[in-house]
Amino acid sequence: MAEQNDSCRFRTLAPLHNQSSISPILEKHESALLMILGFAGFSIVLAIIHNSIRKYIYKDAHSLDTVFDAGGKVTLSLTAVTVTSQLLWPADFLQITTITITSGIGGCLFFVLGIVLDILLFPILSVELKTKAPGAKTFLQIIYTRYGKPAHVVFCCIALFANIVTITALLVAGKSAISVLTKDASDEFIAFVLAVLFGSYCFLGGLGTTFYISYFNTAITFVGLIAIVVSIAYTDNINESMSKYVSIDAMYDAMSCIKSTEGNYEDSLLTFRTRSGAIYGLSLFFMATSLSFIDQANWQSRIAAKPVQGVIGFFIAAIMFFCLPATIALPATLTYASMAYENGTHLLSQNEIVNGFITPFVLEKIMESTGAYLLITSITMALMSTGSGEVMAVSSIIVYDIYRVYINPFRRLLTPTSCILCGLQKVCGKHEVCSCPTSAECIDCSKDLKRKSKTRDFAVQYTCPVHGDYRHYEDLLMHHKSWCIVWVTISVIPYALVVYASNINLTWVIFFMQGTISPFAIPLLLAIIWSRCTSPGVITGCVVGLIGCVAANFVVTEVVYEGGLSNFFINTIQDYSLLAGCVAGISLSSVCTIVTSLLTNKIKTEEDVAHEWDKTISINNPLNPWQRLYEEELAQFPPGTKPTAAIMGQIFRSARNVAVYGGLSFVFLFLVVVPAVVLSFGVLTREQFSSYLTFSYVICFLAAVFVVIAPPTEEMYQIVKTWKSSRNTEIQKEKVPKTELSRL
């Protein structure tokens, strides 16, 4: 066993029976000014800046697609910080300390590894999506184009449910943080503040501003963490009465003397050999991966970059996320353990620990109001970044997949692959094929755009006989988009009040509600990558998988844990209950989808396979065709070549190779090498414990340097490059008439 001091009393901390000593520091007006006027106002300024860049540099601010995909050319480093930011939920500031104090440092590591592995799987899927459906803005468009309305309706419900789960987690985590740091914070006050943060800039800047907000969120979070770590570990700039609790020796002595829950090696918190931590990590991997696949907010931000930049961005995000939650959890949890051990009991109630109050409690004790401001700043930015992404996701589903398909379509199409302009088929077959010209080649469209740029009138009269009516329809959608975002934001307030009235805890939201999404991931994955996957297959898989997931969780809860389902909110999130639900849901949905699809598909030849993917390739916006985004890549093929999935596969071969080989390498690192190394240790010695903390802090510092410097540098380079290219094009156009005049 690891070394211990002679006075060590190896014991389990007694629960707190008296009222906890946690007390809010910030006045309500201070929190309101910081979050609403400070961050919401700052985000609106960023939205205005982004709109100006899109209007005057990229010249695509008029496009509906730009609102939901930020132009499709997001830089590598901005992709990395956005993925990190959107996976860094406010719950990660709070919930990870609950896992760490329960399962020890091993629980913290496996919590992080579960999400890191999820990040590493998405690059391959994003390349597949770009190959099979480069024009898709939502994954629901793929479902509709391949399978029609029945499967589309099912997945619309699933996607909206995923958004609700994420928003619920944000609301509960936001309440936990704001109520513990702010005096007299009522539910109504918290709901209003969160709604303002979620929607403050969405209707102005769209998804592009979300990327900018994500940069500032990630940068502020890393800088704040560095400030906290330096204050605790390397300076005396802390509350004097707390200095004895933050030393390496005090933390080590406390962690080595506190008995862990059952399942840890030698009942120690200072070991990576933790059964409950490993099970939670595995369950979290299933849940995080499922939510990543199903949540439209993840899709729209992660496919907004070109494939190669997106893939590398994911790998960088995985490394950054690996160090971030651990750097949040370790100082807070270790300090809390040191304080609680000396006290002889927990300093927080069980309900407060479950709701993640350890982090604000410790920062308040150590750094007083400075710690409160640092934490509420980081959590506010995380709320704004992730919450706004969810608002945009719900709005994009409503606009693209509900309003445009079912409520007020531009044209009542015979099939999902019919041209929106002429009604003819876009996919070759035994019928007349659409031959509508693109707007890029249309002289009338150029005149219309010039006319539109000189007026703010909504009712612009377009003259193009081919694209004019549809351009007016898109203007209508842009108008509805703004109102949709407003109403989605407003609806957050009553929904938040309902959630708060139910008094559900953060841990249950994070684990149980996410667990119910796990059966939907495999059917969606197969719909994107498997040509033989059918509509009955994905519908059957989703329904049976959901029933199996919930049933397995309930059965294990009732049989294994004391109190069974009568202690619903506690027992349904125990390790074996969660694992049983995830495994049953994923297994049943996979088997049912595959078997049903094999029995119902009509794919016989390679031509049938190609025809199936031609459907998804045909997803396009005639006013902003995806071919324009990949002009350089498509230039290697003869003019007039019709893009197919095979051609796009050739174009993205390098991105696919990077995704596959790079992904396998990183998966091997985080799934095999890292666990093998840490599991080789039993209970950490004092030197090993100190080295692990130092390693975490150093990696966090290096990531902070990248986060602060790389994204603005790369973004400025991209803006300047685009401005110069646009300027040169305008100069060339101005020279043409003069040349022709001289010839005359």
Side-chain angles (χ1 to χ4, degrees), residues 34-51 54 66-71 74 78-79 81-92 137-138 159-160 162-171 173-174 177-178 190-221 291 295-304 377-399 481-493 495-496 711:
L34 177 65
M35 291 186 288
I36 296 179
L37 293 183
F39 293 109
F42 174 67
S43 68
I44 292 174
V45 172
L46 280 181
I48 295 172
I49 293 173
H50 175 265
N51 260 0
R54 300 310 308 189
T66 301
V67 175
F68 294 118
D69 73 353
V74 178
L78 204 55
T79 299
V81 297
T82 301
V83 172
T84 304
S85 174
Q86 293 196 333
L87 284 172
L88 186 67
W89 290 7
D92 293 322
K137 305 305 175 188
T138 70
L160 291 173
N163 295 132
I164 290 173
V165 170
T166 304
I167 291 173
T168 304
L170 295 176
L171 293 173
I178 295 173
I190 296 172
F192 176 76
V193 167
L194 294 179
V196 172
L197 291 175
F198 289 178
S200 57
Y201 62 87
C202 289
F203 67 95
L204 289 177
L207 184 64
T209 310
T210 301
F211 282 96
Y212 287 3
I213 290 293
S214 295
Y215 161 70
F216 283 100
N217 168 36
T218 311
I220 289 173
T221 299
L291 189 62
D295 191 346
Q296 172 59 25
N298 294 317
W299 282 97
Q300 65 189 18
S301 62
R302 298 180 188 187
I303 63 174
T377 296
S378 297
I379 288 180
T380 299
M381 294 299 289
L383 285 167
M384 193 157 53
S385 173
T386 309
S388 61
E390 295 303 316
V391 170
M392 291 298 299
V394 174
S395 301
S396 68
I397 292 172
I398 293 173
V399 172
K481 175 271 304 181
S482 299
W483 280 107
C484 181
I485 290 174
V486 169
W487 285 111
V488 170
T489 302
I490 292 174
S491 66
V492 168
I493 297 176
Y495 179 70

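No hydrogens, no waters, no symmetry mates; every other heavy atom, side chains included, goes into these values.
- Taking each heavy atom of Ile493 and Ala195 in turn, the nearest pair found is CG1-CB, 3.5 Å.
- In this structure the side chain of Thr82 never reaches within 4.5 angstrom of the side chain of Tyr215, judged on heavy atoms.
- Here the options are Ile167, Thr489, Leu171, the test is side chain to side chain contact (heavy atoms under 4.5 Å, CB included), and the partner is Leu194; only Leu171 passes.
- Looking at residues two or more places apart in sequence or on another chain, you find no side chain to side chain donor-acceptor pair (under 3.5 Å) involving Thr386.
- More than 12 heavy atoms of other shown residues, nucleotides or ligands fall within 6.0 angstrom of atom OH in Tyr495.
- Within the model, atoms CD1 of Ile490 and CZ of Phe192 stand 10.5 Å from one another, a figure rounded to the nearest 0.5 Å.
- For Ser395 against Cys484, the heavy-atom pair with the smallest separation is CA-SG, 3.8 Å.
- Atom CD1 of Ile178 and atom CD1 of Ile190 lie 5.5 Å apart (nearest 0.5 Å).
- When side chains are defined from C-beta on, Glu390 does not count as touching Ile164, because their heavy atoms never get closer than 4.5 Å.
- Taking the side-chain contact (heavy atoms from CB on, under 4.5 Å) definition, one finds that Val394 meets it with Leu160, Asn163, Ile398, Val488, sequence neighbours left out.
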